[in-house]
There are 2 protein chains.
Amino acid sequence: MPRARTSNPTRSDVILGQIRVDILNGRLAPGSRLGFADLGERYAVSAGVLREVLTRLVEQGLAESEAQFGFRVVDVSIERLIQLTDARVAIETLVTRQAIAAGDIAWEADVVAKHHALARIGDSMFSEGITEEWLTAHEAFHASILSGCKNAYLIEIALRLRSISEVYRCWSRPEHTRTHRDVASEHREIMAAAIGRDADRAVELTEAHIRLTTELLISGRTAELSSP
Amino acid sequence: MPRARTSNPTRSDVILGQIRVDILNGRLAPGSRLGFADLGERYAVSAGVLREVLTRLVEQGLAESEAQFGFRVVDVSIERLIQLTDARVAIETLVTRQAIAAGDIAWEADVVAKHHALARIGDSMFSEGITEEWLTAHEAFHASILSGCKNAYLIEIALRLRSISEVYRCWSRPEHTRTHRDVASEHREIMAAAIGRDADRAVELTEAHIRLTTELLISGRTAELSSP
DNA sequence: AAACGACAAATCTTCGAAATAATCTTGACA
DNA sequence: TGTCAAGATTATTTCGAAGATTTGTCGTTT
């Protein structure tokens, strides 16, 4: 739910974005406490705006709070990850189906454009792991597919779940998520199915895409736990 | 998304609840501005806590905000209501199906109990319109059915959408939503289908229940507009 | 030795004023 | 007469300190 008027973003908006990125990248570890003193020094803001930012983070599902006890980064667990994955599969397949049914030519063009940008960034990124730039393009590509759906509520829900799942990205070692799969061709096939109006195939590919990420995340995590 | 520790609710929590109820009941009209001066006097709080409360309202989908322009109650329109209804049908049928598949005996007992309470309140409420008490029981009944689903994310989404749709309740004249339907038997049938583990029928009834409410809302609204 | 109660430290929560930005009014100019 | 610009007004946003609550620790009691 971004603010409508982008001309003059509030200080809160800026800080919210910074903390958000830091949570999603793991610089603020899952489950760790978000004390006002620490954060106030880290981002150079007062307790007042911090309180607002943390509150928004809670409503977005990226933080938790207890009254009179402060805030902490949303905690992670395999149980939650599995539930989150199921929810994402259910919602995103639903939205994808509606997008393919309702998307017009402008939608197709947008999907193709976003995929192209993602593919080019992926090419020039051979072995250097996942960059900030790639993450943005990746998000934009999937968002473009969902945007074909005419229901703003469902799209918002799908994006929200996707955002929460980003917290788990910093969970496993990078090599696990990169080496054993061909993400590029997965994206190419999803795009082809979408603009080819093959809803069943697109849904099938999307589900596989989401579930594979989760499985690699879990296996990477367990491997890390058993052999630190 | 209630706070975990209920022992000492924060002042923000209290005010949030009050404003929330006032929005859902239409005492704060849809689309109306939420100025800090007015609200500060109305609820006897400072601008600081108001700011936090309004922020949470935005994230919950009950208010909107523009930077440097303040907050307003979420605006309503037939277009939005239709989208919201579609989203609710999609999500709630999904959750209902999972609840019927996964719910245990304790879940069944809870559904029966909540339905009983709702039915008794409905009986003792012949023609006096909808009371606050009935609304609470109504919400609890539907929530109990959804609670059978093991996926916390999906349940939260369903409840969130249900909360947003409450804003539309104050849209039409009371008589339209009461006279031309038998809500009690709709609920009874939904309960029977749920604990009878008849997923298809429960989904069918739930969808009809949601869509009928929307249709009566829209027809009541258009009638009101054409003959004020 | 364990349990209970009170004190102290730290933290979150609230407030009211100052700083900042946007809108509205007023006046002048083309 | 219509348009534009600048000042005045109103409202939002931010800040730092005071108030309230919880947690941890220490001493006493059973």
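Below, read A as the first sequence line, B as the second, and so on, with proteins coming before strands; counting in each chain starts at 1.
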Q: Using the side-chain heavy atoms of Phe71(A), tell me which of these nucleotides is nearest: dG16(D), dT11(C), dT13(C).
A: dT13(C)
Q: Check whether any side-chain N or O of Ser12(B) sits under 4.0 Å from OP1 or OP2 of dT13(C), and answer yes or no.
A: no
Q: Can you figure out which of dT21(D), dT14(C), dT13(D) approaches the side chain of Phe36(B) most closely?
A: dT13(D)
Q: Specify the separation, in whole Å, of atom CG of Asp13(B) and atom P of dT13(C).
A: 9 Å
Q: Rounded off to whole Å, could you give me the CD-to-P distance for the Gln68(A) and dG19(D) pair?
A: 17 Å
Q: For Tyr43(A) and dC15(D), give me the distance from atom OH to atom P, rounded to whole Å.
A: 16 Å
Q: For Gly31(B) versus Asp75(B), what's the shortest heavy-atom pair and its separation?
A: CA-OD1, 3.8 Å
Q: If you compare every side-chain N and O of Arg51(A) against the phosphate oxygens of dT13(C) (OP1, OP2), does one of them come in below 4.0 Å?
A: yes
Q: Whole angstroms only, please: what is the CG-P distance between Leu34(A) and dT11(C)?
A: 14 Å
Q: With a 4.5 Å heavy-atom cut-off, do Pro30(A) and Val167(A) have their side chains touching?
A: yes
Q: Rounded to whole Å, how long is the line connecting atom CG of Leu54(B) with atom C1' of dT13(D)?
A: 13 Å
Q: Is the number of heavy atoms from other residues, nucleotides or ligands under 6.0 Å of Gln18(A) CD greater than 12?
A: yes
Q: Is it true that Asp22(B) and Arg42(B) have a side-chain N and a carboxylate O under 4.0 angstrom from each other?
A: yes
Q: Which of these nucleotides, dC15(C), dT13(C), dT23(D), is closest to any side-chain atom of Phe69(A)?
A: dT23(D)
Q: Is it true that Arg162(A) and Glu139(A) make a salt bridge, defined as a side-chain N closer than 4.0 Å to a carboxylate O?
A: no
Q: Please give, in whole Å, the distance from dT12(D) C1' to Arg72(B) CZ?
A: 14 Å
Q: Tell me which nucleotide among dT13(C), dT12(D), dC15(C) gets nearest to the side chain of Val45(B).
A: dC15(C)
Q: dT12(D) P sits how many Å from Glu52(B) CD, rounded?
A: 17 Å
Q: According to a strict under-4.0 Å criterion, is Arg11(B) in side-chain N/O contact with OP1 or OP2 of dA20(D)?
A: no
Q: Just how far, in rounded Å, is C1' of dT13(D) from CG of Leu39(B)?
A: 16 Å
